[in-house]
Amino acid sequence: MNSDSDTKHSRYQLIWQVVRGIPFGQVASYGQVARAAGLARQARLVGYALHHLPAHSDVPWHRVVNAKGKLSFPPHSEQYALQQDLLRAEGIVFIQQTIDLKQFGWQIPSHLDTALF
DNA sequence: AACGTGACAAGGC
DNA sequence: AGCCTTGCCACGT
């Protein structure tokens with residue numbers, strides 16, 4: 001248990017915690033979540049963390065979409081349909097399979113947004 | 001232990 | 001407006 005200890009295991013926890021903070025009816029991009037978790041430029045890690053999410057968790061994984069406002073699943077997959085259903089149930093509207101981030105995108109509190117550059 | 005892959009993103013052409 | 005390249009990090013072969 002040293003300073004370098006928490007590097008390995010806690011990153012996912014950190015990411016999941018941020019995702020829990022996304023409000024009902026809003027969405028955040030992978031990159032946005034990464035920044036809020038203090039992991040700028042590591043959007044891929046967010047996708048990985050969600051992929052490794054245990055079933056029955058209370059993490060609203062469906063509120064994370066890509067930077068274009070689209071779902072990162074194959075358009076005809078069941079995963080796509082599920083995520084879309086969950087989002088629509090929160091009032092989010094899809095136009096041409098795209099979510100208007102201006103309208104539904106989560107505005108991260110500035111104190112969480114670590115520009116890091 | 002090197003290599004490729006992945007629920008991504010930003011910049012260049 | 002698409003397609004390619006590079007950055008980034010964890011994981012399975």
Side-chain angles (χ1 to χ4, degrees):
Chain A
M1 321 297 195
N2 312 326
S3 41
D4 19 53
S5 61
D6 66 353
T7 46
K8 305 289 194 293
H9 295 68
S10 61
R11 289 200 226 259
Y12 288 173
Q13 295 278 334
L14 196 52
I15 290 168
W16 295 339
Q17 195 56 43
V18 170
V19 175
R20 280 193 188 94
I22 304 174
F24 181 98
Q26 294 182 42
V27 297
S29 72
Y30 294 89
Q32 211 174 1
V33 171
R35 280 194 300 275
L39 302 169
R41 306 293 179 232
Q42 295 178 204
R44 295 191 90 153
L45 197 54
V46 174
Y48 226 87
L50 294 183
H51 181 79
H52 283 260
L53 200 57
H56 311 306
S57 71
D58 59 337
V59 178
W61 57 270
H62 56 282
R63 293 180 193 148
V64 183
V65 301
N66 71 27
K68 304 168 217 141
K70 291 185 162 184
L71 308 189
S72 294
F73 285 118
H76 297 299
S77 65
E78 294 195 14
Q79 293 264 266
Y80 186 101
L82 173 60
Q83 184 171 14
Q84 189 173 49
D85 281 348
L86 290 169
L87 290 175
R88 279 176 169 157
E90 300 193 0
I92 289 173
V93 178
F94 287 77
I95 296 174
Q96 305 282 244
Q97 326 200 12
T98 304
I99 298 168
D100 181 3
L101 295 179
K102 310 292 183 197
Q103 188 175 0
F104 300 106
W106 180 35
Q107 308 304 327
I108 294 189
S110 52
H111 61 85
L112 284 182
D113 198 351
T114 58
L116 241 66
F117 221 111

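Numbered from 1 within each chain, the chains take letters A, B, ... in sequence-line order.
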Taking only side-chain N and O atoms of A/Tyr12, does any of them lie within less than 4.0 angstrom of OP1 or OP2 on C/dC11? yes
Identify which nucleotide among C/dC11, B/dA10, C/dG7 has an atom closest to any side-chain atom of A/Tyr48, counting heavy atoms from C-beta outward. C/dC11
Apply ring-ring contact (aromatic ring centres under 6.0 Å, His included) to A/Tyr48 and list each qualifying residue two or more places apart in sequence or on a separate chain. A/His52
Among C/dC8, C/dA10, B/dC8, the one nearest A/Ser72 by side-chain distance: B/dC8
Does a donor on one side chain sit under 3.5 Å from an acceptor on the other, for A/Arg35 and A/Gln32? no
Would you measure the distance from the P atom in C/dC4 across to the matching atom in B/dT5 and give it in whole Å? 16 Å
In this structure, how many angstroms lie between the P atom of C/dC9 and the CZ atom of A/Arg35, rounded? 16 Å
Polar side-chain atom of A/Trp106 near backbone of A/Pro23 as donor-acceptor pair, under 3.5 Å: no
Side chain of A/Arg11 - closest among B/dA9, C/dA10, C/dC8: C/dA10
Atom CZ of A/Arg44 to atom C1' of B/dG6: distance rounded to whole Å? 5 Å
Rounded to whole Å, the CD-C1' distance (A/Gln42 to B/dA7) equals 16 Å
Would you state whether a donor and an acceptor, one from the side chain of A/Arg41 and one from the base of C/dG7, lie under 3.5 Å apart? no
Donor-acceptor pair, side chain of A/Ser10 and main chain of A/Gln13, under 3.5 angstrom: no
May I have the distance from A/Ile15 (atom CD1) to B/dA7 (atom P), rounded to whole angstrom? 15 Å
Name the nucleic acid region contacted by A/Leu45, choosing base, sugar-phosphate or nothing; use a 4.0 angstrom heavy-atom cut-off, strictly under. sugar-phosphate
Could you state the atom-to-atom distance from NE2 of A/His52 to P of B/dT5 in whole Å? 16 Å
Checking contacts here: which listed nucleotide (C/dA10, C/dC9, B/dA7) is nearest the side-chain heavy atoms of A/His51? B/dA7
From the options C/dA10, B/dC8, B/dA7, select the nucleotide whose nearest atom is closest to the side chain of A/Phe73. B/dA7
Once you round it to whole Å, what is the distance between C1' of B/dA9 and NZ of A/Lys70? 15 Å
Whole Å only: how far is the CH2 atom of A/Trp16 from the C1' atom of B/dA7? 14 Å
side-chain contact (heavy atoms from CB on, under 4.5 Å), paired with A/Val27, selected from A/Val64, A/Leu87, A/Asp100: A/Leu87
Rounded to whole Å, CG of A/Leu50 lies from C1' of C/dC11 at a distance of 16 Å
